[in-house]
Amino acid sequence: MASGFTVKHGLLTSNKALLHSLQRKIWPHNVCLHRSTEVTLRKVSTKSSTDLQQNEKYCIDVVRSRDYDGFVCSLLLPEEARRSSLALRAFNVELAQVKDSVTQKTIGLMRMQFWKAAIDDIYKDDPPLQPVSAELWRAVRKHYLTKRWLLRIITEREKDMEDRAYRTLQELETYSENTQSSLLYLLLESLGVKNVHADHAASHIGKAHGIVTCLRATPYYSSRRKVYLPMDICMLHGASQEDFIRGNREQHVRDVIYDIASQAHVHLQHARSFSKNVPVAATPAFLQTVVLEDYLQRVRRVDFDVFHPSLRNRNPLIPIQLYIRSWKKTY
């Protein structure tokens, strides 16, 4: 047992050292980050380097705390795209957490309207002095990001405020395409990639990402008496929402998870079928496939028991696996 612990401890130590090394790329002075508790919505000042640094630190902190896998993926992007990636992921996090952070739908819709107005102002070169908006403005100016993708993410998140289960698996895929795939299109633009095969791969990876996110969130939402899994798949196997709310681990519930997870796997396979025609420059945008593949393998090992305790733990080897995939320039 002692030697087993030594090996595990060595891997974890190596993993931490790798992550620290990657973090040094954006924090060369080892700055300690603290998220602001209050944001004043004033107009951005492009002349203050201190403000710009604080905006960048804010986005880094948001992504690191709320989208850790995306944070590590961003560290592995080329330097010219890294900061923009963090801004885009922070924007995505801000939108994603609206649904869970408000008690009234009206308030959530008001926040979405703020973001729509903010995007309009960003493209008028007059963004609000909100850290994520300011960093997004910088990314838009640097990479000429497509406004349509940003607005599509907001619009789809706004529809999701209805707080209901997806009626069909196809509806979940559409939601994933409009949110996660749109984010990938923007990341490709940040990398300077314009390629139809890369876009096709991004579409499938985004759909896989949305499906896996729905699966991963099932125990969390079930504990709050909410179920978002596609109703057509649940009905096919005779599984009710109450089965998930009670944390039922019987075969018919696992069959639901199997069907949904299988569709995510199919999308990853489709995405990889384009790999020979996808430019090498695009592969950093697709590093998330490592995280998706890891979850699908782990849920398969526990026979598609989505409530299995082992699925709550983050794989400590993910940063190393991401680094290796980045080095190989594959997805």
Side-chain angles (χ1 to χ4, degrees), residues 67 69-70 72-73 85 88-89 92 96 149 152-153 156-157 159-160 165-189 191 193 195-218 221 228-234 236-237 254-280 282-304 306 311 315 318 321-322 325-326 328-331:
D67 179 16
D69 296 328
V72 179
C73 289
S85 170
L88 288 167
R89 291 189 183 280
N92 190 51
W149 302 133
R152 192 162 83 156
I153 296 173
E156 196 64 30
R157 295 285 190 188
K159 292 178 184 175
D160 196 45
Y166 299 102
R167 286 171 291 189
T168 64
L169 182 55
Q170 185 178 9
E171 189 175 278
L172 172 56
E173 290 176 317
T174 300
Y175 172 79
S176 304
E177 164 69 28
N178 291 338
T179 53
Q180 300 298 343
S181 297
S182 294
L183 180 63
L184 289 177
Y185 299 148
L186 290 162
L187 288 177
L188 287 173
E189 290 183 343
L191 292 165
V193 176
N195 179 274
V196 64
H197 300 293
D199 289 343
H200 284 320
S203 176
H204 286 292
I205 293 170
K207 289 175 182 176
H209 190 177
I211 292 170
V212 169
T213 299
C214 185
L215 290 176
R216 291 177 69 172
T218 294
Y221 284 119
Y228 298 113
L229 295 171
M231 289 188 289
D232 61 336
I233 305 298
C234 293
L236 178 66
H237 296 288
R254 296 178 188 229
D255 289 341
V256 170
I257 303 304
Y258 170 80
D259 280 2
I260 298 173
S262 295
Q263 188 65 11
H265 179 69
V266 167
H267 282 300
L268 285 181
Q269 286 184 315
H270 283 322
R272 286 172 176 148
S273 71
F274 298 102
S275 61
K276 291 182 180 179
N277 298 311
V278 170
V280 173
T283 56
F286 301 154
L287 288 174
Q288 196 80 23
T289 56
V290 173
V291 180
L292 305 180
E293 195 172 49
D294 173 73
Y295 178 83
L296 292 175
Q297 289 176 349
R298 288 195 293 141
V299 77
R300 178 178 57 81
R301 285 198 291 267
V302 297
D303 194 23
F304 302 95
V306 77
L311 297 177
N315 183 351
I318 284 292
Q321 293 171 359
L322 285 167
R325 193 70 62 89
S326 173
K328 289 183 176 180
K329 300 186 185 302
T330 62
Y331 66 91

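All values reported here derive from a predicted model rather than from experimental measurement.
Heavy atoms only, all atoms of each residue included: Ala285 and Leu184 are closest at O-CD2, 3.3 Å. Considering every non-hydrogen atom in both Val306 and Leu215, the closest pair reads CG2-O, 3.5 Å. Contact detail for Ile205 and Leu292: the closest heavy-atom pair is O-CD1, 4.0 Å. Taking all atoms of both residues into account, the shortest heavy-atom contact from Leu172 to Pro230 is CD2-CG, 4.0 Å. Here the shortest heavy-atom pairing between Leu229 and Ala165 reads O-CB, 3.8 Å. Residues His267 and Ala208 share a closest heavy-atom pair of CB-CB, 3.9 Å.
Checking Gln321 against Glu293 by side-chain atom types alone, no donor-acceptor pair falls below 3.5 Å. No side-chain N or O of Gln180 forms a donor-acceptor pair with one of Ser176 less than 3.5 Å apart.
With hydrogens and angles ignored, the 3.5 Å screen pairs no side-chain donor or acceptor of Tyr175 with any backbone N or O of Glu156. Judged by distance alone, with hydrogens and angles left aside, the side-chain atoms of Thr213 form a donor-acceptor pair with the main-chain N or O of His209 at under 3.5 Å. Between the Thr289 side chain and the Tyr331 main chain, a donor and an acceptor come within less than 3.5 Å of each other. With Ser182 contributing its side chain and Asn178 its backbone, the two residues share a donor-acceptor pair below 3.5 Å. Side chain of Arg254 to main chain of Asp303: a donor-acceptor pair is present (N/O by atom type, distance under 3.5 Å, no hydrogens or angles). Proximity of a side-chain donor or acceptor of Asp232 to a complementary backbone N or O of Leu169 within less than 3.5 Å is detected. Side chain of Ser275 to main chain of Ala271: no donor-acceptor pair is present (N/O by atom type, distance under 3.5 Å, no hydrogens or angles).
Between Leu187 and Trp149, every side-chain heavy-atom pair lies at or beyond the 4.5 Å cut-off. Between Asn92 and Arg157, some side-chain heavy-atom pair lies under the 4.5 Å cut-off. Val266 is listed as a side-chain neighbour of His270, based on a closest heavy-atom distance under 4.5 Å. Using a 4.5 Å cut-off on side-chain heavy atoms (C-beta onward), Asp160 and Tyr166 make contact.
Interatomic distance, CZ of Arg325 versus NZ of Lys328, reported as 7.5 Å (0.5 Å rounding). Note: Ile233 CD1 to Ile260 CD1 = 6.0 Å, rounded to the nearest 0.5 Å. In this structure, Thr179 OG1 and Lys159 NZ are separated by 11.5 Å, a value rounded to the nearest 0.5 Å. Taking CD1 of Ile257 as the reference point, atom SG of Cys234 lies at 7.5 Å (rounded to 0.5 Å).
For Tyr258, the OH atom counts as loosely surrounded, since its 6.0 Å shell holds 12 or fewer non-hydrogen atoms of other residues, nucleotides or ligands. For NE2 of His237, the number of neighbouring non-hydrogen atoms (other residues, nucleotides, ligands) closer than 6.0 Å is greater than 12. Residue-environment remark: CD (Gln170) stays at or below the threshold of 12 foreign heavy atoms within 6.0 Å. In Arg167, the CZ atom is not crowded: 12 or fewer heavy atoms of neighbouring residues, nucleotides or ligands sit closer than 6.0 Å.
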### Task
Take Val291 and Val72 through the side chain to side chain contact (heavy atoms under 4.5 Å, CB included) test and state the conclusion after the steps.
CA-CA 11 Å; Val291 180; Val72 179; over 6 Å; no
### Task
Starting from the C-alpha separation in whole Å, work towards a yes-or-no answer on side chain to side chain contact (heavy atoms under 4.5 Å, CB included) for Leu311 and Tyr295.
CA-CA 8 Å; Leu311 297 177; Tyr295 178 83; 4.2 Å; yes
### Task
Take Thr168 and Glu173, measure what side chain to side chain contact (heavy atoms under 4.5 Å, CB included) needs, and give me the verdict at the end.
CA-CA 9 Å; Thr168 64; Glu173 290 176 317; over 6 Å; no
### Test log, rule side chain to side chain contact (heavy atoms under 4.5 Å, CB included), inputs Leu183 and Arg89
CA-CA 8 Å; Leu183 180 63; Arg89 291 189 183 280; 4.2 Å; yes
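Aromatic ring pairs are classed by plane angle as parallel below 30°, tilted from 30° to 60° and perpendicular above 60°; the pair Phe274 and His197 is tilted.
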